[in-house]
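Here is how names work: the chains are called A, B, and so on, in the same order as the sequence lines, proteins then strands, and each is numbered from 1.
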Protein chains: 2
Amino acid sequence: MIHYTHPSRILVALDCIIFGFDGEEIKLLLIKRNFEPEKGKWSLMGGFLNETEDLEVASQRILYELTGLTNNYLEQLQTFGSVSRDPVERTISVVYYALVNIEQQDVTTIKAHNAYWISLKNKPELIFDHDAMVEQALRQLRYKAALHAIGFELLPEKFTIPQLQKLYEAIYNTKLDRRNFSRKIISTDLLVSTGEKDTNSATKKGQLYKLNAEKYQRYLTDYVSFFPELTLL
Amino acid sequence: MIHYTHPSRILVALDCIIFGFDGEEIKLLLIKRNFEPEKGKWSLMGGFLNETEDLEVASQRILYELTGLTNNYLEQLQTFGSVSRDPVERTISVVYYALVNIEQQDVTTIKAHNAYWISLKNKPELIFDHDAMVEQALRQLRYKAALHAIGFELLPEKFTIPQLQKLYEAIYNTKLDRRNFSRKIISTDLLVSTGEKDTNSATKKGQLYKLNAEKYQRYLTDYVSFFPELTLL
DNA sequence: TCAAAAGTGTTTAAGATACACCCATGA
DNA sequence: TCATGGGTGTATCTTAAACACTTTTGA
């Protein structure tokens with residue numbers, strides 16, 4: 001194989017910010033490291049890129065190793081490349097963020113990695129530049145969820161409109177008007193009524209909806225605003 | 001220095017999509033390669049990341065080498081990492097896009113690199129995955145310029161509102177209503193009248209404005225919509 | 001029967017859109 | 001003086017925002 005003459009081959013890591021939603025709060029899947037470096041501290045799930053592995057494939061592998069999940073929402077965020085970001089060796093890190101249904105993961109692999117779901121509000125300090133990664137991922141989540149229908153990735157297959165509203169309130173750390181929210185969601189035609197009712201609710205049982213898969217695919221790339229105050233000037 | 005045991009150190013390239021605006025069309029600064037590999041074909045400006053160089057610094061260096069420009073709008077787009085994207089050797093490429101004022105660059109260095117401003121409509125086929133990079137950069141430019149006040153980076157310091165409108169029409173390949181556009185821009189309070197008139201115009205000379213620097217800084221991070229049809233459902 | 005959450009309708013205000021007229025300039 | 005492009009005003013329609021009442025459920 002021919003090679004470039006440029007000498008500087010660099011270690012390429014991947015780190016993954018994994019978001020979940022428990023019905024009340026946005027949570028992060030974080031690892032309490034029982035390995036070096038920085039053993040005992042908190043970090044994101046990560047790994048190295050192999051020579052013969054696509055970047056996309058590597059990110060899916062890393063998510064799978066920790067959660068047992070495939071086919072999740074997984075999007076590249078940004079690459080972090082300060083010279084001094086990893087004290088062990090010059091390493092650049094390609095960062096992905098994932099949205100997962102918190103009820104679907106494989107508890108065994110999570111335990112094996114010493115990982116825990118931590119709510120954003122209680123996030124401990126993380127190693128290296130992982131705090132900056134999380135901050136940027138949250139910004140991207142807010143940005144994207146305001147314009148695209150990605151929030152559903154954090155919910156179970158069937159959900160009520162009030163549940164969806166709680167999700168958006170958690171993402172934006174705000175309160176929304178129930179009536180306006182409901183009307184707006186209905187008007188997108190993104191939801192299909194299942195006819196079933198939410199059995200968990202303690203009081204009046206809400207109607208369970210699922211996604212209109214076709215419309216949903218369109219809204220992943222097209223603009224929609226699920227966040228009322230974002231009428232953009 | 002301690003090293004990780006992981007063996008796969010990989011060549012890290014940077015590629016840069018450079019957008020300009022000539023008053024009528026969005027243009028790309030492309031290189032007709034007089035060097036290997038793919039000599040004779042068109043490509044983006046690129047280079048390799050050095051072992052002791054921050055990623056951000058490297059992207060600025062590459063932009064400077066080609067255009068002689070510093071302090072431009074330069075933002076990381078995404079990292080491309082297919083195994084087979086570069087036939088010479090496994091290389092991942094961190095892609096940046098830059099917005100430059102087409103009148104300010106250093107013609108000498110551009111000539112030295114055998115680079116030319118090509119309008120988007122006449123873009124030739126590029127090497128490797130550079131076409132996909134350009135496509136994504138354009139999508140990002142459209143996305144971002146609809147919400148943030150970044151378009152100004154493509155204009156000279158002083159400009160008329162009709163010039164600004166032409167820019168947005170070029171970015172979105174559409175026609176906008178002159179009266180509504182003007183009102184919307186004025187209402188943002190982003191422009192400051194200079195009192196001067198555009199001397200280039202053949203007919204009625206338009207008022208020259210410049211940016212309200214303070215407001216501008218805010219709008220780089222905050223949302224603004226300069227694109228009327230983007231009321232997002 | 002009462003508290004808590006779900007569901008729906010109305011009114012108002014703001015913003016987007018469409019459209020018409022006048023002004024300045026140089027050929 | 002006329003064609004071209006710049007500047008401003010107004011009416012209408014759509015959408016967001018604020019707000020009140022009724023229904024369902026289990027304790």
Side-chain angles (χ1 to χ4, degrees), chain A residues 23-24 146-147 155-156 158-170 172 174-210 219 222-233, chain B residues 23-24 146-147 155-156 158-170 172 174-210 219 222-233:
Chain A
E24 292 294 330
L147 300 167
L155 291 175
K158 297 173 183 178
F159 53 86
T160 66
I161 291 184
Q163 278 174 334
L164 184 62
Q165 181 177 344
K166 280 213 167 178
L167 170 64
Y168 278 92
E169 290 178 340
Y172 297 101
T174 187
K175 289 283 167 199
L176 299 174
D177 184 275
R178 200 161 37 89
R179 300 155 280 202
N180 295 333
F181 184 82
S182 169
R183 179 185 14 243
K184 184 156 206 172
I185 297 296
I186 299 282
S187 76
T188 62
D189 212 22
L190 255 168
L191 302 188
V192 180
S193 175
T194 63
E196 301 167 60
K197 299 247 170 182
D198 180 21
T199 52
N200 297 320
S201 174
T203 61
K204 180 167 179 177
K205 278 120 170 58
Q207 257 204 78
L208 284 169
Y209 291 87
K210 59 180 180 180
Y219 280 144
D222 292 0
Y223 293 113
V224 206
S225 172
F226 289 102
F227 192 57
E229 271 98 73
L230 191 95
T231 315
L232 308 183
L233 185 93
Chain B
E24 293 295 330
L147 300 166
L155 291 175
K158 297 173 183 177
F159 53 86
T160 66
I161 291 183
Q163 277 174 335
L164 184 61
Q165 182 177 343
K166 281 212 165 177
L167 170 64
Y168 278 91
E169 290 178 341
Y172 297 102
T174 187
K175 288 283 167 199
L176 299 174
D177 185 275
R178 198 162 39 89
R179 300 156 280 205
N180 296 333
F181 183 83
S182 169
R183 182 187 8 248
K184 185 158 206 171
I185 297 296
I186 299 281
S187 77
T188 62
D189 212 21
L190 256 168
L191 302 188
V192 180
S193 175
T194 63
E196 299 167 60
K197 300 247 168 179
D198 180 19
T199 51
N200 297 320
S201 174
T203 62
K204 179 167 179 178
K205 280 120 170 56
Q207 258 203 79
L208 283 169
Y209 290 87
K210 59 179 180 180
Y219 280 143
D222 292 359
Y223 293 113
V224 207
S225 171
F226 289 104
F227 192 56
E229 270 99 74
L230 191 95
T231 315
L232 310 182
L233 186 92

side-chain contact (heavy atoms from CB on, under 4.5 Å) partners for B:Thr160, two or more places apart: B:Pro162, B:Gln163, B:Asp198, B:Leu208

Separation of A:Glu24 atom CD from C:dA5 atom P, in whole Å? 10 Å

Neighbours of DNA chain C within residues 190-201 of chain A, by heavy-atom distance under 4.0 Å: none

Is there, by distance only and without an angle test, a donor paired with an acceptor across the side chain of A:Lys204 and the base of D:dT23 below 3.5 Å? yes

Counterpart residues, salt bridge (charged side-chain N to carboxylate O under 4.0 Å, His left out), relative to A:Lys166 (two or more places apart): A:Glu24

Under the side-chain hydrogen bond (donor to acceptor under 3.5 Å, both in side chains) rule, collect the residues that match up with A:Asn180, sequence neighbours excluded. A:Arg183

Rounded to the nearest Å, what distance is computed from the CD1 atom of residue A:Ile161 to the C1' atom of nucleotide C:dA6? 10 Å

In whole angstrom, what separates B:Lys166's NZ from D:dG6's C1'? 12 Å

The side-chain hydrogen bond (donor to acceptor under 3.5 Å, both in side chains) partners of A:Asp177 (sequence neighbours excluded) come to A:Arg179

Using salt bridge (charged side-chain N to carboxylate O under 4.0 Å, His left out) as the criterion, list what pairs up with B:Asp189, not counting sequence neighbours. B:Lys215

Excluding sequence neighbours, so at least two apart, what forms side-chain hydrogen bond (donor to acceptor under 3.5 Å, both in side chains) with B:Lys158? B:Glu196

Contacts of type side-chain hydrogen bond (donor to acceptor under 3.5 Å, both in side chains), residue B:Thr199, not counting sequence neighbours: none

Mind listing the N/O atom pairs, protein and nucleotides 8-13 of chain C, below 3.5 Å?
{"unit_1": "C:dT10", "atom_1": "O4", "unit_2": "A:Arg183", "atom_2": "NH1", "d": "3.2"}

